[in-house]
Amino acid sequence: MTVRTRFAPSPTGYMHIGGMRTALFNWLWARHNEGQFILRVDDTDQQRNLDEALAPILHAFRWLGLDWDEGPEKGGPHAPYFQSKRGHLYRQAVELLLQQGKAYRDFDPPEVTQADREAAEKEKRPFLNIRRSLDLSDAEREQYLAEDRPHVIRFLVDRESKVEIDDHIRGHVEWDCGLIADPVICRGDGSPLYNFATVVDDAQLEITHVIRAEEHLTNTAVQAMLFDALGYARPEFAHIPFVAAPGSKEKLSKRTKKLEKYRTSPQFQKLFQIADDVLPKIGLKPGEEMNPVMVAYYEAVGFLPEAILNGLSRLGWSFDDKTENMSLDFVTEHFTLDRVVKGPAGLDPDKLLAYQEYWMGQRSVEEKVDACLPFLEKAGYIDSPIDAAEVRFVTHLVEALGDRIKLFSDILQYDEYFVSDADMTYDEKAFEKRLRKPEEAGMLLREFREELAAAKSFDADELDALLHEWVDSKGIKIGQVIHALRVATTGKPAGPGMFDCLALLGKDRCLARIDRALEQI
RNA sequence: GCCCCCAUCGUCUAGAGGCCCAGGACAUUGGAUUCUCAGUCCAAAGACAGGGGUUCAAAUCCCCUUGGGGGUACCA
C-alpha cells in the first residue's frame, strides 16, 4: 500500500516552526516510502482572506524545498483540499451516524452542559454527558426540530467499551470509554468540529499514517471511535513529541505573552537579538509574524534552508550516535518512525546556529555573494540595480570575511565598507585604546601613512610585505601599529585580516580615513 | 479535579540486560595558532530523578514515588 501522509495547516498567515517540524516528519515518512505527501487546509472557521493567510505557509514549504503531491495550487484526485469546501462529505457522514443511532442531537443549552461539567469536577469525578436528549420522545424531538430549536450533534460513546491504539511512537495506548464525554461533532450551525472533520478527511484522502504532535494523543481516542463508527479503516498513528521552547519542556508557543518571556530567556534571546539588529535595517519589523517562533524569521535573517531542515530533523530524531550534519536527502533515506524519541525536544538556538555554520561552510563564495547582495540592497548599502563593480567588490569582501559570515545578514555588520570615509563611525572604546592611549600610535600611524601613500601596489600580499619590512626596519613589533591602523581605517577593533581590509578599501579611502583618525586623536 | 504521555551531561541525543565506572554533537572552561575577530586544533569539566523489585548481571524489564508536560471546548 502506498504511504500517504498529510499536514493540515490552518490558514493563519504564518508558519510556526514547531508545525514545520511536524510537516517535515510527515514529508520525510512519505518520501522515505516513496509515497505521497498531502497538504490540506483546515479552514473550518474562515474569518480572513484565505489567499493572504495561506501564502506565507506555502512559501515556507517552498523555501525549505518540501513539495506536496496534492493540495492547494496543485489539486489532486481527492479535491477540494479545503475543509470549507468539503461540507457535503461531513454532512453525509453525520447523517450516517445519526441514522445508525451512533450520534444524537443534543438539545441541552451550553449553560446546562457547563453546569453538569462543573458539578462533576466538584465531585472529583470525570464529566460524562447526562444525555437528557436521548430520553426525548419522538414527538418531542420532532417538535424541537420543527421549531428549529438550537442543538449540537454529539457522537454517542459506547461507555462499556475501551479504545486502544498502537502508536508508532507511544506504543500501546488505551482509554476507558466510560470516562470519555460524548464529543460534539457538529456545531449548532451545522459546521463540523476538527475531531470529526479530520477523521472524514483522513479517511477520504486515504491517509495511511497520521503523524502529528503529541498534544493530539488524547484526541485520538475519539477519532479512533469515529473511524470505527463510520466503517473506515483506521490509519496508523504516530504521535511525535512537540517542539518545546528553548531550555524548557513546554510547548513552543506563538502567543504574545510567551514571546515576551522567550525574548528574555538566556537560550532564546540571541535569536531575538538578531531580529532586532537585522530586521529594521532591511525594512522589516520584528513582531508577531516575524520572530524566532516563525519560519519566516529564519529566511528573513539569512538562515540556510539546509540548516533549518537539519536542525528540525534532529529535534526528536537521530540517525545514530554521531552523525549530526545531514542533508535532506540523507535524512529522507534514513528516516524511520522507530527512531523518533518520546520526550519533548527543546529548540536549541545555539545548535541551530552551529548547523548554520556548517552548511554555510558548504556554500561557495559565489553562492554567498548571491545571497548577501539582496540584504545589502534592501539596507541601501549598495544601489539597485546592482552593477558589476559592486558584485566584484562584495565578492572580495565575502572572500576576505571567510567563515565570519554565518548568516547572510551578517554582511550588514560590515557597513564600514559601504559608507563614505566621513560617515564611518569609530568605535569609541577601540579608538581610545588603540589610537589615543598608546603614546607612539599617532606617530607610527603618521609615518606608515606615507609608506602606504608611496605604495605602488595595494594588493593584500604586497601590503603585508610592506608593513613587515617597515616594522623590521624600525625595529618595532607589528602589534604596535597594526591595531591603530585597523581602527583608523575600519573604525572597528576586529574584522578580517588587516591587509585584506586595506586592499578592499583601496589607497584613497585608507589614506583619507587615516588622516581623519589622526585629526581626532 | 479527571484522563493520557514523558523522564540519560546545561541542551539535542546514542544506548533495545553484560560491549557503559555511559558515547557523540552544541554550549561552557583552559591551552595552541594569528595583527584583531571569526575559524581551526588539542584538552577539561559535565548525566542514567529517587526508592523498591526481577536477574549471576539493569541506564536498559516491572512496580511505586517524585518531577515535567499535554488534554480535558459548539479551538485546531
Side-chain angles (χ1 to χ4, degrees), chain A residues 8-10 12 19 42 44-45 106 110 113-114 117-118 120-127 150-154 167 169-171 173-176 179-181 183-195 197-198 212-221 239 241-242 244 246-251 266-267 311 314-325 338-339 341-355 357 361 401-406 410 430 434 464 467 471 477-487 490 492-499 501:
Chain A
S10 303
T12 50
D42 277 12
T44 38
D45 34 22
D106 181 1
T113 312
Q114 186 53 32
R117 191 171 272 123
E118 279 162 20
E121 181 165 341
K122 213 166 175 182
E123 292 168 39
K124 302 187 179 189
R125 61 176 164 80
F127 165 74
H151 65 277
V152 296
I153 298 173
R154 287 185 189 274
D167 191 276
I169 292 152
R170 309 285 139 189
V173 184
E174 55 180 57
W175 294 267
D176 177 356
L179 266 22
I180 299 175
V184 173
I185 56 176
C186 273
R187 296 186 180 92
D189 65 2
S191 63
L193 266 90
Y194 164 79
N195 256 349
T198 203
R212 69 202 348 174
E214 188 194 344
E215 67 221 63
H216 289 280
L217 185 57
T218 312
N219 284 333
T220 309
H239 286 89
F242 50 77
S248 85
K249 297 281 177 214
E250 253 172 83
K251 191 168 79 171
Q267 296 92 340
R314 285 286 288 101
L315 231 45
W317 179 84
S318 67
F319 170 60
D320 60 10
D321 60 342
K322 38 183 70 80
T323 314
E324 288 289 340
N325 299 123
D338 61 353
R339 289 202 63 83
V341 302
K342 294 176 174 183
L347 183 73
D348 185 345
D350 281 322
K351 196 116 184 188
L352 211 46
L353 253 2
Y355 288 123
E357 284 182 45
L401 253 16
D403 296 330
R404 274 163 278 242
I405 298 188
K406 289 167 184 160
D410 286 346
R434 298 303 192 183
D464 192 334
L467 180 64
V471 296
K477 288 210 174 122
I478 202 163
Q480 288 174 266
V481 68
I482 203 163
H483 300 296
L485 186 58
R486 174 180 295 282
V487 175
T490 68
K492 293 177 181 168
M498 184 73 267
F499 308 107
C501 296

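Note on naming: letters A, B, ... go to the chains in the order of the sequence lines (proteins, then strands), and numbering restarts at 1 for each one.
Toward the 5' end of RNA chain B, the nearer of the two residues A:Asp464 and A:Asp350, judged by each one's closest nucleotide, is A:Asp350. Positionally, the nearest nucleotide of RNA chain B for A:Lys342 lies more toward the 5' end than for the other of A:Lys342 and A:Pro9.
The distance between atom CG of A:Asn219 and atom P of B:rA76, rounded to the nearest whole Å, is 10 Å. Remark: P of B:rC35 and CE of A:Met498 are 13 Å apart, rounded to the nearest angstrom. Rounded to whole angstrom, the span from the CG atom of A:Leu193 across to the P atom of B:rC74 amounts to 7 Å. Rounded to whole Å, the distance from NE2 on A:His239 to C1' on B:rG71 is 11 Å. Rounded to whole Å, atom P of B:rG71 lies 12 Å from atom OH of A:Tyr194. The interatomic distance linking A:Glu214 (CD) with B:rA7 (C1') rounds to 12 Å, in whole Å. For A:His216 and B:rG70, the NE2 to P distance is 13 Å, given to the nearest whole Å. The distance between atom CZ of A:Phe319 and atom C1' of B:rG23, rounded to the nearest whole Å, is 16 Å.
Taking A:Asp106 as the reference, A:Arg154 meet the salt bridge (Lys or Arg N to Asp or Glu O under 4.0 Å) condition, with sequence neighbours excluded. Residues satisfying the side chain to side chain contact (heavy atoms under 4.5 Å, CB included) test with A:Ala354, not counting sequence neighbours, are none. With sequence neighbours excluded, no residue forms a side-chain hydrogen bond (donor to acceptor under 3.5 Å, both in side chains) with A:Thr218. Scored by the salt bridge (Lys or Arg N to Asp or Glu O under 4.0 Å) test, A:Arg125 finds A:Glu123 as partners (sequence neighbours excluded). With sequence neighbours excluded, no residue forms a side-chain hydrogen bond (donor to acceptor under 3.5 Å, both in side chains) with A:Glu121. Among residues two or more places apart in sequence or in another chain, the side-chain hydrogen bond (donor to acceptor under 3.5 Å, both in side chains) test is passed with A:Lys351 by none. Residues meeting the salt bridge (Lys or Arg N to Asp or Glu O under 4.0 Å) test with A:Glu174, sequence neighbours left out: A:Lys162. Partners of A:Glu357 by side-chain hydrogen bond (donor to acceptor under 3.5 Å, both in side chains), not counting sequence neighbours: none found. Residues passing the salt bridge (Lys or Arg N to Asp or Glu O under 4.0 Å) test with A:Arg314 are A:Glu324, sequence neighbours excluded.
The partner of B:rA43 is B:rU29, judged by Watson-Crick or G-U wobble contacts that both fall below 3.5 Å. For B:rA7, the paired nucleotide is B:rU66, the pair qualifying as Watson-Crick or G-U wobble because both relevant distances are below 3.5 Å. Nucleotide B:rA16 is matched to nothing when pairs are restricted to Watson-Crick or G-U wobble geometry with both distances under 3.5 angstrom. The partner of B:rU54 is absent, by the rule that a Watson-Crick or G-U pair needs both atom distances under 3.5 Å.
Across B:rG50 and B:rA22, the matching P atoms stand 15 Å from one another, rounded to whole Å. Taking atom P in both B:rC9 and B:rG68, one finds a spacing of 16 Å when rounded to whole Å. Taking atom P on both B:rG46 and B:rA38, the two are 26 Å apart, rounded to the nearest angstrom. Comparing B:rA47 with B:rU8, their P atoms sit 14 Å apart, to the nearest whole Å. Here, B:rA25 and B:rG18 have their P atoms 24 Å apart, quoted to the whole Å. Rounded to whole Å, the separation between the C1' atoms of B:rC48 and B:rA58 comes to 11 Å. Nucleotides B:rG69 and B:rU33, compared at atom P, are 48 Å apart to the nearest Å. A gap of 24 Å separates the C1' atoms of B:rG52 and B:rG15, to the nearest Å.
Judged by distance alone, with hydrogens and angles left aside, the side-chain atoms of A:Ser10 form no donor-acceptor pair with the main-chain N or O of A:Thr12 at under 3.5 Å. Remark: side-chain polar atoms of A:Arg339 are not paired, donor with acceptor, to backbone N or O of A:Trp317 under 3.5 angstrom.
Using a 4.0 Å heavy-atom distance criterion, A:Arg117 is classed as a sugar-phosphate-only contact. Using a 4.0 Å heavy-atom cutoff across all strands shown, A:Arg212 reaches no nucleic acid atom at all. A:Val184 comes within 4.0 angstrom of the backbone, heavy atoms only, and of no base. As judged by a 4.0 angstrom heavy-atom cut-off over every strand, A:Pro496 is placed among the base-contacting residues. Nucleic acid contact class of A:Lys251 (heavy atoms, under 4.0 Å, all strands): sugar-phosphate only. At the heavy-atom level, A:Arg486 lies under 4.0 Å from base atoms of the strands shown.
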Produce the list of close N/O pairs, under 3.5 Å, pairing protein atoms with atoms of nucleotides 58-64 of chain B; give distances to one decimal.
none

Shorter than 3.5 Å, N or O on both sides, protein versus nucleotides 38-41 of chain B: list them out with atom names.
unit_1 : atom_1 : unit_2   : atom_2 : d
B:rA38 : O3'    : A:Lys406 : NZ     : 3.0
B:rA38 : O2'    : A:Lys406 : NZ     : 3.4
B:rG39 : O2'    : A:Asp403 : OD2    : 2.9

Please list, pair by pair, any protein nitrogen or oxygen found under 3.5 Å from a nitrogen or oxygen in nucleotides 8-14 of chain B.
unit_1 : atom_1 : unit_2   : atom_2 : d
B:rU11 : O2'    : A:Asp348 : OD2    : 3.3
B:rC12 : OP1    : A:Gly346 : N      : 3.1
B:rC12 : O2'    : A:Arg314 : O      : 2.9
B:rC12 : O2     : A:Lys351 : NZ     : 3.4
B:rU13 : OP1    : A:Gly316 : N      : 2.6
B:rU13 : O3'    : A:Ser318 : OG     : 3.3
B:rA14 : OP1    : A:Ser318 : OG     : 3.2

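The two residues A:Gln267 and A:Gly247 have their closest heavy-atom pair at NE2-CA, 3.7 Å.
The side chain of A:Phe242 lies closest to B:rG69 when the candidates are B:rC3, B:rG69, B:rC6. For A:Lys124, whose side chain is taken as the heavy atoms from C-beta onward, the closest listed nucleotide among B:rG1, B:rC6, B:rC4 is B:rG1. For A:Arg170, the listed nucleotide lying nearest its side chain is B:rC5; candidates were B:rC35, B:rC5, B:rG70.
Not one side-chain nitrogen or oxygen of A:Lys322 sits closer than 4.0 Å to the OP1 or OP2 atom of B:rA25. Within the 4.0 Å cut-off from OP1 or OP2 of B:rC75, at least one side-chain nitrogen or oxygen of A:Arg187 is found.
Put simply, CZ on A:Phe127 and OG1 on A:Thr113 are 6.0 Å apart, with the number rounded to the nearest 0.5 Å. In this structure, the separation between CZ on A:Arg170 and CD on A:Glu214 is 4.0 Å, given to the nearest 0.5 Å. The CG atom of A:Leu467 sits 4.0 Å away from the CD1 atom of A:Ile478 when rounded to the nearest 0.5 Å.
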